[in-house]
Visitor: 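Structure in structure tokens, see below.
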Amino acid sequence: QVQLVESGGGLVQGGDSLRVSCAASGRTVSLYTMGWFRQASGKEREFVAAIRWTGGTTWLADSVKGRFTISKDHAKDTVYLQMNSLKPEDTAVYYCVAFIGSVRKNGADYWGHGTQVTVSS
């Protein structure tokens with residue numbers, strides 16, 4: 001199995017930047033793609049971003065394109081989500097996810113516990 005642990009969430013002002021991290025452990029050799037979902041209070045879960053472990057292909061939701069970037073560090077088995085120009089509507093619990101196969105926008109094979117990102121106006 002794979003364990004995913006997020007960190008770096010917090011409270012920021014609108015327009016600020018924040019980087020959240022996700023460290024993977026366990027059977028990381030089985031991973032193909034890692035990424036992020038988020039869920040705002042009272043709203044449905046939504047896909048945010050993903051990155052393929054080999055090759056570096058990335059996917060970003062339209063709502064965050066131009067503001068968020070996803071990256072990875074192979075040596076640390078870690079994926080990052082750099083969030084710039086944050087808006088109050090970005091407020092959500094951000095979940096790190098991992099896929100055994102190709103990236104999917106409706107679910108994932110592994111989930112982290114989530115990290116809260118709150119953006120005030």
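The figures that follow rest on heavy atoms only: side chains count, while hydrogens, waters and symmetry mates do not. Just so it is clear, the model here is predicted, and its values are computed rather than measured.
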Visitor: Run Ile51 and Val79 through side chain to side chain contact (heavy atoms under 4.5 Å, CB included) and show every step you take.
Guide: CA-CA 8 Å; Ile51 184 167; Val79 65; 3.7 Å; yes
Visitor: Is the closest side-chain heavy-atom distance between Tyr95 and Thr115 below 4.5 Å?
Guide: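 SC-SC contact between Tyr95 and Thr115 ruled out.
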Visitor: So, Lys72 and Asp77, do they make that salt bridge, N to O below 4.0 Å?
Guide: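 No.
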Visitor: With the side chain counted from C-beta on, respond yes when Leu18 and Val117 share a heavy-atom pair under 4.5 Å apart, and no when they do not.
Guide: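 With C-beta onward as the side chain, the pair touches.
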Visitor: Do Val97 and Tyr110 have side chains that get closer than 4.5 Å, going by heavy atoms?
Guide: no
Visitor: Kindly indicate, with the supporting measurements, whether the criterion side chain to side chain contact (heavy atoms under 4.5 Å, CB included) is fulfilled by Tyr94 and Leu81.
Guide: CA-CA 10 Å; Tyr94 284 71; Leu81 183 68; 4.1 Å; yes
Visitor: Report the C-alpha distance between Trp59 and Phe47 in whole Å, list the side-chain angles of each, state the deciding distance to 0.1 Å, and finish with yes or no for ring-ring contact (aromatic ring centres under 6.0 Å, His included).
Guide: CA-CA 10 Å; Trp59 297 262; Phe47 170 82; 8.0 Å; no
Visitor: Check the pair Phe68 / Gln82 against side chain to side chain contact (heavy atoms under 4.5 Å, CB included), numbers first and verdict last.
Guide: CA-CA 5 Å; Phe68 292 10; Gln82 177 67 46; over 6 Å; no
Visitor: For Gln13, what residues pass the side-chain contact (heavy atoms from CB on, under 4.5 Å) criterion, not counting sequence neighbours?
Guide: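 For Gln13 the side-chain contact (heavy atoms from CB on, under 4.5 Å) partners, ignoring immediate neighbours, are Asp16, Ser120.
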Visitor: Determine whether more than 12 heavy atoms belonging to other residues, nucleotides or ligands lie under 6.0 Å from atom CZ of Arg45.
Guide: yes
Visitor: Would you say the side chain of Ser21 lies within less than 4.5 Å of the side chain of Glu6, judging by non-hydrogen atoms?
Guide: no
Visitor: Kindly indicate whether the side chain of Met34, heavy atoms from C-beta on, has any atom under 4.5 Å from the side chain of Val103.
Guide: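 Counting from C-beta outward, Met34 and Val103 never come under 4.5 Å.
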Visitor: State, to 0.1 Å, how close Asn84 and Ser17 come at their nearest heavy-atom pair, and which atoms those are.
Guide: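 That closest heavy-atom pairing would be OD1-OG, 2.8 Å.
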Visitor: Between Glu89 and Thr91, do the side chains contain a donor N or O and an acceptor N or O under 3.5 Å apart?
Guide: no
Visitor: Give every residue pair that meets the disulfide bond (SG atoms under 2.5 Å apart) criterion with at least one member in residues 13-42, sequence neighbours excluded.
Guide: Cys22-Cys96
Visitor: Could you grab the distance from atom OG1 of Thr58 to atom CZ of Arg52, nearest 0.5 Å is fine?
Guide: 10.0 Å
Visitor: Using the rule given for side chain to side chain contact (heavy atoms under 4.5 Å, CB included), can you reason through Ser63 versus Arg38, listing the C-alpha separation, both sets of side-chain angles and the distance that settles it, and then say yes or no?
Guide: CA-CA 12 Å; Ser63 61; Arg38 68 184 182 185; 3.7 Å; yes
Visitor: Looking at Val20, Val48, Thr69, which one forms a side chain to side chain contact (heavy atoms under 4.5 Å, CB included) with Met83?
Guide: Val20
Visitor: Ala108 and Ala98: which non-hydrogen atoms are nearest, and at how many Å?
Guide: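 Taking Ala108 first and Ala98 second, the nearest heavy atoms are CB-O, 3.9 Å.
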Visitor: Heavy-atom distance under 4.5 Å between the side chains of Glu46 and Gln39, does that happen here?
Guide: no
Visitor: Do Val5 and His113 have side chains that get closer than 4.5 Å, going by heavy atoms?
Guide: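 Yes, side chains in contact.
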Visitor: Could you report the tightest heavy-atom contact between Lys65 and Leu60, atom names first, then the distance?
Guide: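 In this case the closest contact between Lys65 and Leu60 is CE-O, 3.1 Å.
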Visitor: Are Ile70 and Tyr80 side-chain neighbours, meaning at least one heavy-atom pair lies under 4.5 Å?
Guide: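 No, their side chains stay 4.5 Å or more apart.
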Visitor: Are the aromatic ring centres of Trp111 and Phe37 under 6.0 angstrom apart?
Guide: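 That pair passes the under 6.0 Å test.
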Visitor: Looking only at the side chains, is there a donor atom on one of Thr78 and Asp73 sitting less than 3.5 Å from an acceptor on the other?
Guide: no
Visitor: Do you know the tightest heavy-atom contact between Arg27 and Val2?
Guide: O-CG2, 3.4 Å
Visitor: Taking the six-membered ring for Trp and the single ring otherwise, decide whether the centroids of Phe99 and Tyr32 are under 6.0 Å apart.
Guide: no
